[in-house]
Amino acid sequence: MAKAWKKLSILALAAALAAMVAMVGCSSEQKSEEATDEKATTETTAEPVELQVFAANSLSKAMEEVQAAYIEDGHSNVTFADTQYKSSGELNEMLGAGSYADLLISASKNSMDTAVKEGYVDEGTRVDMFKNDLVIVSKEGSGLKDVTLQDIADGKYTFCVGDESVPAGNYADQALSTVGVYIPSGDDEGKTGKDISGKNGSFAEGYNPVLDTSVGNVCKHAQSGDVDVAFVYTSDVYRFGGVEIVGTVPADTHKNIVYPGAITSQSKNVEATQEFLDWCQNSGKAQEIWQKWGFELA
């Protein structure tokens with residue numbers, strides 16, 4: 001009889017333990033389901049937001065891909081208005097004329113300095129995003145190679161640079177000033193290279209470069225063979241194709257090529273814009289895209 005009671009007690013205890021395990025499992029499963037439901041609810045109820053980005057022309061291909069990746073990466077509530085890709089000077093002019101934007105990304109420190117000075121952006125949100133290199137390109141298959149600034153000074157090639165509104169043109173002018181092709185004036189008189197702005201000067205007698213209003217257009221002049229060579233960013237070779245690098249402009253002949261970004265002073269979506277700006281710099285997916293298109297993270 002004692003053995004029978006003992007056996008029954010053991011069976012009862014086992015049954016109780018099994019019930020407890022089942023209850024814990026159900027509880028954990030329920031919590032997991034609740035967490036999943038909560039996450040889904042958060043995603044579906046996130047308030048829709050549309051961001052307007054003003055970005056330097058050279059960022060167009062990369063930015064389009066980055067924006068698509070951002071939406072796919074858990075930000076389905078975000079859409080992007082028709083992103084404006086212009087020269088940095090033109091973007092500032094648009095902001096000054098009252099055009100709306102949430103985020104400004106310039107292709108030069110000077111352009112962003114102007115945006116800060118004019119009150120177009122919130123200086124506290126400013127951050128250096130990318131770096132780039134200035135190169136000399138020609139039409140694919142041109143046969144040119146190892147083209148130097150001195151070759152340009154010697155008049156060996158026709159060339160194209162961006163006008164004063166184009167940062168790539170400013171960098172090119174800075175570099176060309178070191179070989180006497182570009183003559184600084186005003187506050188820059190007597191200086192050369194990275195010590196000048198690359199604006200408000202003139203080209204020395206005998207030099208008549210083709211000027212254009214965006215680095216993209218400058219690249220196209222080389223692509224079509226309108227000129228022998230053009231001064232563009234490394235990223236433009238990836239962006240447009242049809243050209244090949246035939247020379248690299250020495251980095252010590254021009255200011256560092258940096259792309260600053262900042263949230264505009266008028267933005268109605270500051271939190272969402274900051275989240276996108278942070279993602280552009282910190283996300284592995286974003287970094288892969290920037291590098292694919294020739295940009296280095298600053």
Side-chain angles (χ1 to χ4, degrees), residues 50-73 75 78-92 94 101-108 111-112 127-140 160-163 165-172 212-224 226 230-246 248-249 257-262 273 276-298:
E50 181 181 66
L51 300 181
Q52 176 68 68
V53 178
F54 279 13
N57 187 273
S58 51
L59 285 166
S60 60
K61 295 290 186 181
M63 180 60 75
E64 289 170 6
E65 201 168 319
V66 162
Q67 289 175 346
Y70 183 69
I71 293 171
E72 292 174 1
D73 194 30
H75 303 91
V78 177
T79 56
F80 291 92
D82 183 21
T83 299
Q84 297 298 301
Y85 301 107
K86 306 284 185 182
S87 70
S88 299
E90 288 181 283
L91 294 176
N92 278 346
M94 291 171 65
D102 292 296
L103 175 64
L104 173 67
I105 305 177
S106 295
S108 80
S111 293
M112 186 58 77
V127 62
D128 289 339
M129 298 181 68
F130 319 111
K131 296 186 294 183
N132 217 327
D133 297 310
L134 190 67
V135 294
I136 302 172
V137 299
S138 68
K139 181 179 180 179
E140 278 188 340
C160 179
V161 298
D163 66 18
S165 72
V166 183
N170 303 148
Y171 295 127
D212 216 314
T213 56
S214 74
V215 69
N217 289 340
V218 170
C219 194
K220 290 175 183 177
H221 282 288
Q223 189 181 58
S224 67
D226 289 346
F231 288 77
V232 300
Y233 299 128
T234 301
S235 58
D236 293 312
V237 179
Y238 294 88
R239 187 160 65 114
F240 293 107
V243 295
E244 57 189 10
I245 297 174
V246 296
T248 299
V249 179
I257 301 174
V258 178
Y259 288 62
T273 304
F276 174 62
L277 187 57
D278 292 341
W279 187 89
C280 283
Q281 297 174 271
N282 301 319
S283 165
K285 293 181 181 179
Q287 291 177 22
E288 287 180 8
I289 296 172
W290 298 128
Q291 291 169 5
K292 167 187 171 183
W293 290 100
F295 294 95
E296 302 172 53
L297 291 177

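This one's a predicted model, so the numbers in the text were calculated from it and none came from an experiment. Here, residue 1 is the first one in the sequence, and each next residue gets the next number.
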### Query
Is the shortest heavy-atom distance from the side chain of Phe231 to the side chain of Val249 under 4.5 Å?
yes
### Query
To the nearest 0.5 Å, how far apart are CG in Leu59 and CD in Glu64?
11.0 Å
### Task
Walk me through it: do Phe276 and His75 pass the test side-chain contact (heavy atoms from CB on, under 4.5 Å)?
CA-CA 9 Å; Phe276 174 62; His75 303 91; over 6 Å; no
#### Entry: Backbone N/O of Asp82 and side chain of Gln52: donor-acceptor pair under 3.5 Å
yes
### Query
Under 3.5 Å, is there a donor-acceptor pair between the side chain of Asp236 and the main chain of Tyr233?
yes
### Task
State, with a plain yes or no, whether a side-chain heavy atom of Phe240 is found less than 4.5 Å away from one of Val232.
no
### Message
How close do Val166 and Ser214 get, counting heavy atoms only, and between which atoms?
### Response
CG2-N, 3.7 Å
### Query
Quick one: salt bridge (charged side-chain N to carboxylate O under 4.0 Å, His left out) partners of Lys285, sequence neighbours excluded?
Asp73
#### Entry: Qualifying residue for side chain to side chain contact (heavy atoms under 4.5 Å, CB included) with Tyr259, from Ser111, Ser106, Ser58
Ser58
### Task
Kindly give the heavy-atom pair with the smallest separation between Tyr85 and Asn57, and that separation in Å.
O-ND2, 3.7 Å
### Query
Do any N or O atoms from the side chain of Gln281 and from the backbone of Met129 form a donor-acceptor pair under 3.5 angstrom?
no
### Query
Given side chains that start at C-beta, do those of Asp226 and Cys160 come closer than 4.5 Å, heavy atoms only?
no
#### Entry: Within-4.5 Å side-chain heavy-atom neighbours: Leu51 and Leu103
no
### Query
Is the OH atom of Tyr238 crowded by more than 12 outside heavy atoms at less than 6.0 Å?
no
## Note on the structure
Here the pair of heavy atoms bringing Pro167 nearest to Ala107 is CB-O, 3.7 Å
### Task
State, yes or no, whether a side-chain contact exists between Val53 and Thr273 at a heavy-atom distance under 4.5 Å.
no
### Query
Nearest heavy-atom pair of Val258 and Pro260: which atoms, and what distance?
O-CD, 3.3 Å
### Message
Contact between Gln287 and Leu297 at the side-chain level, heavy atoms closer than 4.5 Å - yes or no?
### Response
yes
### Message
Do Ser60 and Arg239 pair up side chain to side chain, a donor and an acceptor below 3.5 Å, judged on atom types alone?
### Response
yes
### Query
Rounded to the nearest 0.5 Å, how far does NZ of Lys86 lie from CE of Met94?
6.0 Å
### Query
How would you list, by chain and number, every residue that makes a salt bridge (charged side-chain N to carboxylate O under 4.0 Å, His left out) with Asp102, sequence neighbours excluded?
none
### Query
What class does the angle between the rings of Tyr70 and Trp279 fall in, given that below 30° is parallel, 30 to 60° is tilted and above 60° is perpendicular?
perpendicular
### Task
Calculate, to the nearest 0.5 Å, the distance between atoms CG and OG belonging to Asn170 and Ser87 respectively.
9.5 Å
### Summary
His221 and Asp212 have their tightest heavy-atom pair at NE2-OD2, 2.8 Å
### Query
Can you check whether Val66's main-chain N or O pairs, donor with acceptor, with Trp290's side chain at less than 3.5 Å?
no
### Task
Would you give the length of the straight line joining atom CD of Gln67 to atom CZ of Phe80, rounded to the nearest 0.5 angstrom?
4.5 Å
### Query
Asn132 and Thr234: which non-hydrogen atoms are nearest, and at how many Å?
OD1-N, 3.5 Å
### Query
Atom CD1 in Ile105, atom CE in Met63: separation rounded to 0.5 Å?
3.5 Å
### Task
Step by step, work out the side-chain contact (heavy atoms from CB on, under 4.5 Å) result for Asp133 and Thr248.
CA-CA 8 Å; Asp133 297 310; Thr248 299; 5.6 Å; no
### Task
Evaluate side-chain contact (heavy atoms from CB on, under 4.5 Å) for Ser224 paired with Lys139, printing each intermediate quantity in order.
CA-CA 7 Å; Ser224 67; Lys139 181 179 180 179; over 6 Å; no
